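Report on the following structure.
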Amino acid sequence: ATTDVEYVRWTQWIFLQIYDTWFDAEQQKGRPIAELPIPAEIKQQGEDAVRAYQDDHRLAFQSEAPVNWCPALGTVLANEEVIDGKSEVGGHPVVRMPLRQWMLRITAYADRLESDLASLDWSEGIKALQRNWIGRSTGAEVDFYIGGEKGFDSWKQSRAKAGFPRKPADDVLRIYTTRPDTLFGATYMVIAPEHPFVERLTQNGERAAVNAYCEASSRKSDLDRTELAKEKTGVFTGSYAINPVNGREVPIWIADYVLVSYGTGAIMAVPAHDERDLEFAQQFNLDVVAVVDPVDAIPATERAEVLAGKRCFAGLGVAINSSKYDGLKTADFKKKIAADLAKDGLGREAVNYKLRDWLFSRQRFWGEPFPILHELDTTGRPTGRVRAVDATDLPVDLPHLDDFKPHGRPEPPLDKAPDDWLYPVIDGKRYKRETNTMPQWAGSCWYYLRFIDPTNTTAMIDPALEKAWMPVDLYVGGAEHAVLHLLYARFWHKVLFDRGIVSTAEPFQKLVNQGMILGENGEKMSKSRGNVINPDVIVKEYGADSLRLYEMYMGPLEDSKPWSMQDVNGVHNFLNRVWRLLIDDRVESLALNASVVDRPPTADENRVLHRTIEAVTADIDKLKFNTAIARMIEFTNYFTKQTERPREVLEKFVLLLSPFAPHMAEELWLALGHTDTLAKGPWPKFDPDLAREDTIEIPVQVNGKLRSKVAVAADADAKTIEAAAHADARVAELLAGREVLKTIVVPGRLVNFVIKG
RNA sequence: GCCGGAGUGGCGGAAUUGGCAGACGCGCCGGACUCAAAAUCCGGUGACCGCAAGGUCGUGGAGGUUCAAGUCCUCUCUCCGGUACCA
């Protein structure tokens, strides 16, 4: 179990590896924190500055992140537990408040997490889900000047000399856009209510309105902000920015349709070419200037509306109202203006991701404790310095708590731990343990590695074993893990890979999502729908073999399929028929019945057997269990009709059946006189010579319509087959007196005569 | 809206990737066994026309490519899953 202290030890150990890693963007690789280059000016400031700089770059870092705090329940709630700003349980008010949290810098790996998908043998659907979740977009960052109209020209000149700064100064508002070609159509700007410039940009006359607006939006959860998006809301700051490409003064608004956590938290609004911006502009009566002519991409009447600023067009077209860029196609314009902005120091190309850093801490008791200590000063206050628990001191086990219920403060329950756990002393220094715990994802992120070497006490995994077994060549799971678990696990694995602990860049080479079993009414099984099938009941009535076989026979592994009680019975009947093939079911014993004979199989019997071996073996490889079972049913149908069944044939069939119905197959194996388990029996070997058919039926078509069939030798060539087709009475009749324009013969497949008329 | 997947008999589903549409199972119909029923075994079962031989139609819909299309191309409809103010 992931809660076993011996497992927790290594989960915590991996956390320390992540904590000890920074991401080298140049090399696109995680490296030990000791190798992080420290800028000279940081070094000058001393040890604490260096330490802070390092902490800023670790893949595991602390940050203030908003949580849902419910004062009445005295606990922190997950987003799913908050409905309309009230707790799901009890309906108490919930407030968003910032709390110190541990984050994992998964965004550093966004590029690799996306591009490495191409190397994986996963369904396009799951890959698309991950790509969508990572949400890579390319565009440009552009600075709008907010230092007042008088300073604009000199600012622009200085930018042309100095270039585009890495971090924006206070005299500009930096925005991100995927459409730098619409820069001339920016008629206003919007910043998120949480944007750090809100205070500075708000003019005195607007202060009350702005405060009220930001206050209100802070109470809304992310969910509310997006789901209640019927109508755009916003408030004017009273300030203006200057569009760097045309010197136009544009008003700066605050609105919660702009998210502080994406891009730069600020946008240029181009209402003519962005649906949301247009909605907002119409709401607040702001200018709309079309700068992309759709030309013939849309109907002429709609085009006229776009040009008049009455309709949004977000597609590609030709530039207008864009001074020297007029006439450029969107794609060319994008390239041109990105280069020009870079040259003038006004902007640069930029990439953004929807993916956010991973909020990795929970305010719960049950979870792996972080192996982290906070240094305390002599008065017992945290100094801000953090140290990792020595690897030799792992695991950090959970303390015993008499009461781990909420204590009325947003701090985690571990804050109530006994002092001897909570306040360790090392080298005379007093520390407080980290009291947040890790989420359930932590344990599930790497269990596949521990499976390879589960009892190792000196290492997380033996490198030789890791090399021998990894990657996981087939991973079967539900689609509900498409993004979270599979993305998290890939991220951890890549960090371990960069640190040389594992040898593959990806953990799961092939992924298959099994489909859901639906209720008999074709809907998702759920208690509230009353369509839940209890497997225990099926096992009791039909046996575990029948249940297993039925679930494999229902249809393709990856499809959702409705349950059918009648079909369970059908599969159960099949097993009964197999049983009767060997066993006399009129007596209560495991004695073989009289039809089982000790003689070599006939050619026909061998053919049926070996075709079954071939098909079942191939289908298992392709995970097509439903058709594998169908082939075994055909075998059974054939031998049910026979009065004699050679033991040799039955033995091989029982081996084929054993992965599908292991219990019954084992009994039949014993009945056949074996004393050892059939699990040790060899998988039947396919013999193509024995499976070969001497003569086959070839369909004959006239003008593509099936008219007859002729029997020919299995290896007959095209000439022989054509002659046989001509010799067929029915075909001869249809071809009589007709001109044959073309004859297609596919040996082993079919004949098609194309005739006139 | 965007992304992904799927539409085949009364039902679940097959179809070697362009080559006999409906394998196999369920259900249904008929027969054997039985005093009877269950169980079991045998046969039938896409629709329409025909006594039959046989014919026509048929894989959500409309076009197209091809000797040949469930399979490839264009347009379109419906359902399921995911996701969404991501600039």
Side-chain angles (χ1 to χ4, degrees), chain A residues 123-129 131-133 135-137 139 175-179 182 186 189-190 222 225-230 232 255-259 261-270 273-277 279-280 314 352-356 479-480 482-483 513 515-516 518 522-524 550 553-556 558-571 573-574 576-577 580 585 615 618 624 626-634 636-637 640-641 697-709 730 740-746 748-755:
Chain A
S123 73
E124 214 23 68
I126 299 293
K127 286 189 187 180
L129 281 177
R131 267 191 214 106
N132 201 279
W133 192 261
R136 184 178 204 270
S137 77
I175 61 101
Y176 170 74
T177 177
T178 56
R179 290 294 300 270
T182 60
M189 302 185 79
V190 185
D222 289 350
R225 264 169 75 155
T226 55
E227 280 188 10
L228 301 175
K230 304 274 184 288
K232 293 278 177 288
D256 63 8
Y257 82 91
V258 170
L259 309 173
S261 49
Y262 185 79
T264 61
I267 62 161
M268 66 168 187
V270 186
H273 306 292
D274 183 285
E275 197 65 58
R276 298 150 301 177
D277 294 346
E279 232 176 273
F280 190 87
N352 257 297
Y353 302 93
K354 288 190 209 175
L355 186 69
R356 307 291 160 79
E480 70 272 19
V483 280
N513 288 122
M516 244 187 311
L518 308 172
E523 291 172 29
K524 206 167 168 172
Y550 169 62
Y553 188 58
M554 290 174 88
E558 296 179 80
D559 290 7
S560 290
K561 302 148 285 217
W563 186 269
S564 160
M565 222 53 220
Q566 282 181 327
D567 290 353
V568 176
N569 203 50
V571 165
N573 271 338
F574 160 63
N576 284 337
R577 275 151 52 81
R580 282 193 298 269
D585 68 338
K624 293 174 68 171
N626 53 331
T627 51
I629 293 164
R631 296 290 89 84
M632 289 191 285
I633 294 173
E634 283 180 303
T636 305
N637 288 345
T640 296
K641 290 185 176 68
E697 270 200 332
I698 299 280
V700 182
Q701 299 180 337
V702 176
N703 284 348
K705 285 191 175 152
L706 179 69
R707 293 304 179 192
S708 187
K709 290 180 185 179
R730 198 166 142 59
V740 177
L741 299 172
K742 202 171 182 182
T743 305
I744 289 107
V745 183
V746 185
R749 280 259 152 261
L750 60 35
V751 179
N752 188 12
F753 294 109
V754 184
I755 63 172

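Bear in mind the structure is a predicted one, so any value in this text is a computation, not a measurement. Below, read A as the first sequence line, B as the second, and so on, with proteins coming before strands; counting in each chain starts at 1.
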Keeping [X] on the side-chain end and [Y] on the backbone end, is there a donor-acceptor pair under 3.5 Å?
| X | Y | result |
| --- | --- | --- |
| A/Lys561 | A/Pro556 | yes |
| A/Arg730 | A/Arg707 | yes |
| A/Arg179 | A/Ala314 | yes |

Is the closest side-chain heavy-atom distance between [X] and [Y] below 4.5 Å?
| X | Y | value |
| --- | --- | --- |
| A/Val754 | A/Asn703 | yes |
| A/Ile267 | A/Asp274 | no |
| A/Thr640 | A/Arg580 | no |
| A/Ile744 | A/Gln701 | no |

- Query: Relative to each other, are the rings of A/Trp563 and A/Tyr550 parallel, tilted or perpendicular (30° and 60° limits)?
  - Reply: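 The arrangement is perpendicular - the two ring planes meet at more than 60°.
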Nearest to the [X] side chain among [options], which nucleotide is it?
| X | options | answer |
| --- | --- | --- |
| A/Val746 | B/rC67, B/rA23, B/rG19 | B/rG19 |
| A/Thr177 | B/rC42, B/rG13, B/rA87 | B/rA87 |
| A/Asn132 | B/rG19, B/rU83, B/rG4 | B/rU83 |
| A/Ile267 | B/rC67, B/rA23, B/rA87 | B/rA87 |
| A/Pro556 | B/rG55, B/rA14, B/rG19 | B/rA14 |
| A/Arg631 | B/rG13, B/rG19, B/rA23 | B/rA23 |
| A/Ala630 | B/rA23, B/rC20, B/rC85 | B/rA23 |
| A/Ala128 | B/rU56, B/rC41, B/rG4 | B/rG4 |
| A/Asn637 | B/rA23, B/rG25, B/rC42 | B/rG25 |
| A/Thr627 | B/rA14, B/rA87, B/rG25 | B/rA14 |

- Message: For a quick check, tell me whether the side chain of A/Lys641 and the base of B/rC42 share a donor-acceptor pair closer than 3.5 Å.
- Response: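 Not at all, since no donor on one side and acceptor on the other fall under 3.5 Å apart.
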- Do A/Asn752 and B/rC67 have a side chain to base donor-acceptor pair shorter than 3.5 Å?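 By the distance-only test, yes, there is a pair.
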Using only side-chain N and O atoms of [X], determine if any of them is under 4.0 Å from OP1 or OP2 of [N].
| X | N | result |
| --- | --- | --- |
| A/Lys705 | B/rC57 | yes |
| A/Lys624 | B/rA15 | yes |
| A/Tyr553 | B/rG25 | no |
| A/Ser137 | B/rA87 | yes |
| A/Asn573 | B/rU40 | yes |
| A/Lys561 | B/rG12 | no |
| A/Arg580 | B/rC41 | yes |
| A/Arg707 | B/rG55 | yes |
| A/Asn576 | B/rU40 | no |

Rounded to whole angstroms, how far apart are [atom1] on [X] and [atom2] on [N]?
| X | N | atom1 | atom2 | result |
| --- | --- | --- | --- | --- |
| A/Lys127 | B/rC3 | NZ | P | 18 Å |
| A/Asp559 | B/rG81 | CG | P | 14 Å |
| A/Lys354 | B/rA87 | NZ | P | 7 Å |
| A/Glu279 | B/rA87 | CD | P | 17 Å |
| A/Phe753 | B/rC20 | CZ | C1' | 16 Å |
| A/Asn513 | B/rG4 | CG | P | 16 Å |
| A/Asn703 | B/rA69 | CG | P | 12 Å |
| A/Asp256 | B/rC85 | CG | C1' | 9 Å |

Remember a base hit wins even if backbone is also touched, and classify [X] as base, sugar-phosphate or nothing at under 4.0 Å, heavy atoms.
| X | answer |
| --- | --- |
| A/Asn626 | sugar-phosphate |
| A/Gly570 | sugar-phosphate |
| A/Ile744 | base |
| A/Leu129 | sugar-phosphate |

- Task: Tell me, with the steps shown, if A/Met268 and A/Asp277 meet side chain to side chain contact (heavy atoms under 4.5 Å, CB included).
- Result: CA-CA 9 Å; A/Met268 66 168 187; A/Asp277 294 346; over 6 Å; no
- Task: Using the criterion of both pairing distances under 3.5 Å for Watson-Crick and G-U wobble pairs, give all stems of 3 or more consecutive pairs involving RNA chain B.
- Result: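 Result, WC/G-U stems under 3.5 Å: B:1-7 with B:77-83, B:10-12 with B:24-26, B:27-32 with B:40-45, B:46-49 with B:54-57, B:60-64 with B:72-76.
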- Is B/rG46 in the syn or the anti form, by the rule that syn lies within 90° of 0?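 Judged by the O4'-C1' to base torsion, B/rG46 sits in anti, the angle falling more than 90° away from 0.
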- Message: Need the glycosidic conformation of B/rU17: syn if within 90° of 0, anti if not. Which one?
- Response: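 Glycosidic conformation of B/rU17: syn.
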- Message: If you compare all heavy atoms of A/Thr264 against all heavy atoms of A/Tyr176, which two are closest, and at what distance to 0.1 Å?
- Response: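 Closest heavy-atom pair between A/Thr264 and A/Tyr176: OG1-N, 3.6 Å.
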- Message: If you compare all heavy atoms of A/Lys232 against all heavy atoms of A/Phe280, which two are closest, and at what distance to 0.1 Å?
- Response: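 A/Lys232 and A/Phe280 have their closest heavy atoms at CB-CD1, 3.8 Å.
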- Message: Both A/Met554 and A/Trp133 contact RNA chain B. Taking the nearest nucleotide for each, which residue is further toward the 5' end?
- Response: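 The residue whose closest nucleotide sits nearer the 5' end is A/Met554.
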- Task: Hey, which sits more toward the 5' end of RNA chain B by its nearest nucleotide, A/Pro699 or A/Lys742?
- Result: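 Looking at the nearest nucleotide for each, A/Pro699 comes out on the 5' side.
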- Message: Taking the C1' atom in each of B/rC57 and B/rA21, what is the distance between them to the nearest angstrom?
- Response: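 Approximately 13 Å lies between the C1' atom of B/rC57 and that of B/rA21.
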- Which whole number of Å gives the distance between the C1' atom of B/rC20 and that of B/rA14?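 Pairwise C1' distance, B/rC20 against B/rA14, rounds to 14 Å.
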